[in-house]
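Just below is one structure, and these are the notes that go with it.
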Amino acid sequence: MPYQMTDVLLSRMMTRTRADGVQNEVEIRFGALTLMAPKPGDSPDSVYYCPIQLVGFQDDKIYAGVGESTLDAVINALMLAPILLRYSIIGKELDWAEAPNYGFPVLILPPDPEDPPAAELHPTEG
């Protein structure tokens with residue numbers, strides 16, 4: 001299913017500086033959430049997507065963070081955005097390239113205190 005860009009809710013402007021010194025503006029846009037696979041009665045099996053568009057250096061293709069809830073879709077979109085930038089042809093030319101994860105949040109959960117230490121999960125022979 002090709003994703004459609006919806007009303008832009010969030011965006012970040014970045015400056016691209018090419019090797020020859022020429023600069024241009026690049027924008028990453030996040031659109032309004034969309035119900036992708038509605039189920040009868042708003043079942044928990046519904047699927048949502050949050051469209052992402054990179055403007056100013058690609059063909060303005062639409063990508064999406066997808067999830068079983070609106071929160072999942074937004075989190076997945078925020079996790080996908082820096083990956084799209086990092087692996088784009090201009091990733092290293094962006095002014096946000098030096099910021100960890102291009103300035104997007106890194107979503108890592110701390111260890112659960114109820115979980116055993118990793119050494120107990122994977123003992124080494126010695």
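If you read the sequence from its start, that first residue is 1, and numbering goes on from there.
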Side chain to side chain contact (heavy atoms under 4.5 Å, CB included) assessment of Q53 paired with V8: CA-CA 9 Å; Q53 186 177 32; V8 176; 5.6 Å; no
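For the salt bridge (Lys or Arg N to Asp or Glu O under 4.0 Å) condition, the pairs that include at least one residue of residues 9-20, sequence neighbours left out, are R16-E93, R18-D20.
The minimum heavy-atom distance linking A73 with L33 is given by the pair CB-CD2, 3.8 Å. When all heavy atoms of S46 and L35 are compared, the closest pair comes out as CB-CD1, 3.7 Å. The two residues V66 and N76 have their closest heavy-atom pair at O-ND2, 2.6 Å. The two residues A32 and P51 make their nearest non-hydrogen contact at O-CD, 3.4 Å. Closest approach of G31 to C50, counting heavy atoms only: O-SG, 3.6 Å.
Side chain to side chain, T17 and Q23 meet the donor-acceptor criterion of an N or O pair below 3.5 Å. Between E25 and T15, the side chains place a donor N or O and an acceptor N or O closer than 3.5 Å (distance only, hydrogens not considered).
In the hydrophobic clustering of ILVMFWY residues, with side-chain heavy atoms under 4.5 Å counting as a link, I28 and L9 come out together.
The distance from atom CZ of F30 to atom CG of L80, rounded to the nearest 0.5 Å, is 8.5 Å. For the atom pair CG (L85) and CZ (F104), the distance works out to 6.0 Å, reported to the nearest 0.5 Å. Atom CG of L10 sits about 7.5 Å away from atom CG of L78, to the nearest 0.5 Å. With rounding to the nearest 0.5 Å, the separation of OH in Y48 from CE in M36 is 11.5 Å. Rounded to the nearest 0.5 Å, atoms CD1 (I52) and OG (S11) are 13.0 Å apart. Rounding to the nearest 0.5 angstrom, the gap separating the CE atom in M14 from the CH2 atom in W96 is 7.0 Å.
Ring centroid separation for the pair Y3 and Y63 does not come in under the 6.0 Å cut-off.
A 4.5 Å side-chain heavy-atom check between V26 and L94 finds at least one atom pair inside the cut-off. The closest side-chain heavy-atom distance from V55 to R29 is below 4.5 Å.
At least one donor-acceptor pair closer than 3.5 Å links the side chain of Y102 to the backbone N or O of G91.
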